[in-house]
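Everything below concerns the one structure shown next.
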Amino acid sequence: MSTAPQGAPATAPQGGPTLLTARGIDKHFGAVQALYKVDLDLPAGAVTCLCGDNGAGKSVMTRCISGIHAPDHGEICWMGEPVSIRTPRDASHLGIETVFQDLALADNLDIVQNMFLGREIVRRGFLDEDSMERAASKTLAELRVTSVRSIRQPVASLSGGQRQSVAVAKAVMWNSKLVILDEPTAALGVVQTRQVLDLVLRMRDNGLAVMVISHNLNDVFEVADRIAVLQLGRMVVQGPASDFDRQSLVDYMTTGTSSRRPAGSSDPDGAVS
Amino acid sequence: MARVDADPLSAEPSPAEPTAPADDPTAAVAAADLVVPPALVAQTLPEYARAWGARVRNGDAGVLPVVVGMVLIAVVFEAISPSHVFLSANNIVNLFQQSAVFMVLAMAQCFPLLLGEIDLSVGYVGPLAGIVTVQLVEPATTNWPWWAAIVVGLAVVGVWGFLQGTLITRLRIPSFIVTLAGFLIANGVCLIVLSFGPFSGYPPLAGTSSNVAVINHLMYGTIDPTISWIAMVVVVALLAVVLWLRDARRRASGLVAPPRGLTILKIVFIAIVGVVVVAICGINRAHFGTIEGVPWVIPIVLGVLGVWMILLERTRFGRYVYAIGGNAEAARRAGVGLAGVRTWCFVLCSMTAGLAGMLFFSYLGGASNNINGGQLTLYAVAAAVIGGTSLFGGRGRVLHGVLGGLVIGGIYNGMFLLGLAVEWEYIVTGLVLIVAVAIDSLSRRVR
Ligand SMILES: Nc1ncnc2c1ncn2[C@@H]1O[C@H](COP(=O)(O)OP(=O)(O)OP(=O)(O)O)[C@@H](O)[C@H]1O
Ligand SMILES: [Mg+2]
């Protein structure tokens with residue numbers, strides 16, 4: 001299995017310059033502290049996999065970056081500049097696109113309408129359905145999503161995997177800089193999973209920053225350039241994927257530490273005590 | 001403004017074939033994925049009919065229940081009404097005038113219902129606009145020109161709707177409570193406004209003032225039959241051209257489009273309705289002298305219908321209304337400003353109801369403090385739901401409100417012809433509403 005591109009590490013952890021840095025992100029819901037002082041770096045031109053057990057806080061972190069939740073404390077920098085991402089619109093203006101774990105599709109709208117929700121093409125004040133339909137079907141064809149009967153069918157009538165494909169297509173059809181995929185392949189068939197993983201690698205090769213959340217370690221090791229591990233709301237380790245093997249990753253996810261670091265690796269940068 | 005850029009994908013170009021329609025439509029229809037609109041899988045008219053039948057059997061009936069209801073009402077009342085007057089030209093025009101208020105109220109109610117909310121206040125907020133307008137045109141009070149009075153009447157309830165919408169969206173009070181309070185407050189305000197001037201609560205729409213006459217004509221004014229015919233032909237021809245060009249363009253560019261036969265069928269249907277309506281209205285319906293021609297209220301209702309259909313189905317605002325009704329959180333994450341869209345829906349609901357209020361007093365021949373606002377509210381919700389608008393948000397069309405209003409008007413009119421007391425009208429309407437809501441709930445379960 002081909003893994004991360006090897007080579008001299010740049011100033012940034014891996015890949016290009018760091019596109020997004022989150023520092024000291026705290027988030028609580030009532031009595032539940034979902035994130036404690038989380039630091040995270042997302043370099044351009046690299047795939048960062050965020051790993052962790054169920055309830056570790058991965059989705060909450062995703063939502064903090066994409067403007068759904070406002071963090072209680074902490075700072076997010078975008079290309080080195082501090083930014084405040086208060087709304088989903090702020091995030092998409094910066095160039096952040098997200099596939100949410102719950103997909104966030106409107107069941108009563110059709111595929112095209114969902115893919116363009118919030119960014120409809122308008123001509124002379126009216127929706128330009130023809131252009132939207134053409135662009136949507138082009139993106140779906142490129143993702144090999146051919147199992148849907150009609151892109152004008154309501155999302156309610158799609159299977160779970162088809163819905164996931166639509167959500168992925170919705171996120172990648174915009175000219176974005178950072179794409180976050182929260183368990184994008186959980187419900188996908190073999191072919192569609194392959195397409196999404198290939199797409200992730202293609203986006204990386206085109207210089208985008210990609211963050212993938214997945215419980216499938218095969219997928220993680222296949223696409224990850226960097227791995228970051230959350231455990232019970234704390235970032236326990238993050239570093240180049242080559243620093244991890246299966247066993248150490250599982251150790252980090254379950255216990256927060258690992259005695260089995262592959263020999264010769266340096267201390268993971270960004271580890272938080 | 002929306003940039004479509006498949007740049008992340010471009011490394012591996014692939015033939016951008018439209019994914020739809022499926023390569024083998026016959027097999028597709030046979031497999032009958034029942035939730036897909038039939039127009040999307042069928043290539044020819046018979047296939048379309050089969051797909052549609054499969055969908056109806058599966059519980060997604062669309063406008064079918066309300067159309068069946070209308071036919072049933074027409075047949076039953078025609079059979080049992082004294083000397084079969086139900087379908088006489090005179091009564092049909094009368095029926096339409098009676099239904100107009102319910103139709104417009106139901107269209108108003110569509111906005112909150114599509115969001116998954118409800119507006120209970122329309123029963124007095126609508127009449128409030130009518131009362132303000134009637135008072136303003138009265139020569140004995142302010143004697144305003146009719147258009148200024150209508151604008152101010154609509155503006156007053158527009159502000160009212162804005163306040164209700166703001167309380168609902170910004171303070172997050174349930175719409176049920178806010179509009180129930182609004183219902184009571186509007187009732188009081190109606191009585192206060194009615195008490196102005198020398199009318200002791202009943203400002204009439206009689207008299208020689210031309211401004212008063214315009215308000216009176218909203219319901220009863222008629223358009224000369226020749227002009228009616230010309231206008232009808234122009235409107236139908238325009239609709240036909242627009243429909244045909246749109247479908248033809250989509251078919252030509254390989255986009256999802258209904259079969260050619262269906263487009264023709266639609267156009268023919270619109271033309272038939274136009275001819276029948278104008279022909280019926282062209283019959284002299286006066287017992288003495290002549291009353292003929294299309295009443296003003298028909299183009300008024302159709303105008304409201306057309307504008308709201310375009311707004312809800314062809315603009316970004318309308319798309320957001322449906323999106324919020326379907327999944328508010330998804331709409332929020334897509335960057336839709338929920339509060340703004342929701343507030344506007346309550347404004348548009350109140351203003352549309354205000355127009356219904358004006359039609360109502362035009363129908364009654366004057367404003368009155370003897371309004372049954374509760375009935376108006378309930379009939380507005382009932383008409384929308386009977387027409388097929390879902391109480392659960394996200395599904396329905398203003399067209400459904402118009403059809404539902406026609407059903408309610410038909411029941412009202414038929415019971416009146418039979419000389420049945422008003423209690424029976426309430427009971428029958430209530431039963432029809434239960435059936436409509438049951439159909440709505442059932443079709444949700446099937447999904
Ligand atoms: N909206 C919310 N309100 C209250 N608590 C929440 C909310 N969202 C998340 N939490 C809590 O925050 C914690 C982290 O949840 P999160 O969804 O981020 O987990 P996750 O790492 O994505 O898990 P999974 O792998 O199951 O998706 C959980 O304890 C969860 O109960
Ligand atoms: Mg999650």
Side-chain angles (χ1 to χ4, degrees), chain A residues 66-68 87-89 91-92 98 100 102-110 113-114 116-122 125-127 129-135 137-146 148-154 156-157 172-176 179 198-199 202-203 205-206 208, chain B residues 1-22 28 31 33-37 39-41 114 246 249-250 253-257 310 313-316 318-320 322-337 390 393-395 447:
Chain A
S66 31
I68 311 294
T87 64
R89 201 146 259 182
S92 60
T98 310
F100 294 100
D102 59 8
L103 304 183
L105 300 171
D107 270 357
N108 58 332
L109 300 186
D110 66 34
Q113 294 171 341
N114 264 293
F116 278 88
L117 186 57
R119 289 182 270 212
E120 292 78 5
I121 301 178
V122 172
F126 297 105
L127 295 172
E129 298 285 353
D130 295 9
S131 304
M132 289 194 274
E133 192 173 319
R134 246 178 255 122
S137 72
K138 179 160 171 276
T139 306
L140 287 172
E142 281 164 336
L143 280 175
R144 314 281 193 284
V145 183
T146 47
V148 297
R149 179 160 311 142
S150 162
I151 58 172
R152 283 299 181 183
Q153 74 191 78
S157 67
V172 300
M173 77 182 305
W174 308 97
N175 190 9
S176 43
V179 174
D198 285 349
L199 175 72
R202 256 186 283 155
M203 291 194 288
D205 295 343
N206 286 351
L208 277 72
Chain B
M1 81 139 277
R3 279 177 311 158
V4 182
D5 191 333
D7 190 35
L9 309 166
S10 58
E12 196 184 318
S14 66
E17 268 177 312
T19 49
D33 184 355
L34 298 164
V35 211
V36 182
L40 305 186
V41 288
L114 282 176
R246 193 187 69 198
R249 195 184 59 226
R250 292 180 62 84
S253 53
L255 298 170
V256 176
I310 290 172
E313 289 163 31
R314 298 270 171 263
T315 71
R316 192 177 261 177
R319 180 62 42 84
Y320 293 169
Y322 281 93
I324 292 172
N327 185 345
E329 181 58 23
R332 189 171 83 88
R333 291 188 190 174
V336 174
S390 174
R395 276 198 298 137
R447 274 150 194 261

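In the text below, chain A, chain B and the rest are named by the order of the sequence lines, each starting its count at 1. Nothing here was measured: the structure is a model prediction, and the numbers come from that model.
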Check ion pair Arg250(B)-Glu129(A) (N to O, under 4.0 angstrom): no
Given the options Gly337(B), Gly325(B), Gly326(B), which has more heavy-atom pairs under 4.5 Å with chain A than any of the others? Gly326(B)
Against chain B, work out which of Asp107(A), Leu105(A), Thr87(A), Asp205(A) has the most heavy-atom pairs shorter than 4.5 Å and name it. Leu105(A)
Correct closest heavy-atom pair for Pro154(A) and Asn108(A) would be CB-O, 4.3 Å
Between Thr139(A) and Ala135(A), is there a donor-acceptor pair closer than 3.5 Å when you use the side chain of the first and the backbone of the second? yes
Counting only heavy atoms closer than 4.5 Å, note whether Leu117(A) contacts chain B via side chain, backbone, both or neither. both
With sequence neighbours left out, the residues meeting salt bridge (charged side-chain N to carboxylate O under 4.0 Å, His left out) with Asp102(A) are Arg333(B)
Measure Ile310(B) against the heavy atoms of chain A and call it side chain, backbone, both or neither at under 4.5 Å. side chain
Most contacts with chain B, counted as non-hydrogen pairs under 4.5 angstrom, among Leu103(A), Ile68(A), Leu109(A): Ile68(A)
What residues, two or more places apart in sequence or in another chain, satisfy salt bridge (charged side-chain N to carboxylate O under 4.0 Å, His left out) together with Arg246(B)? none
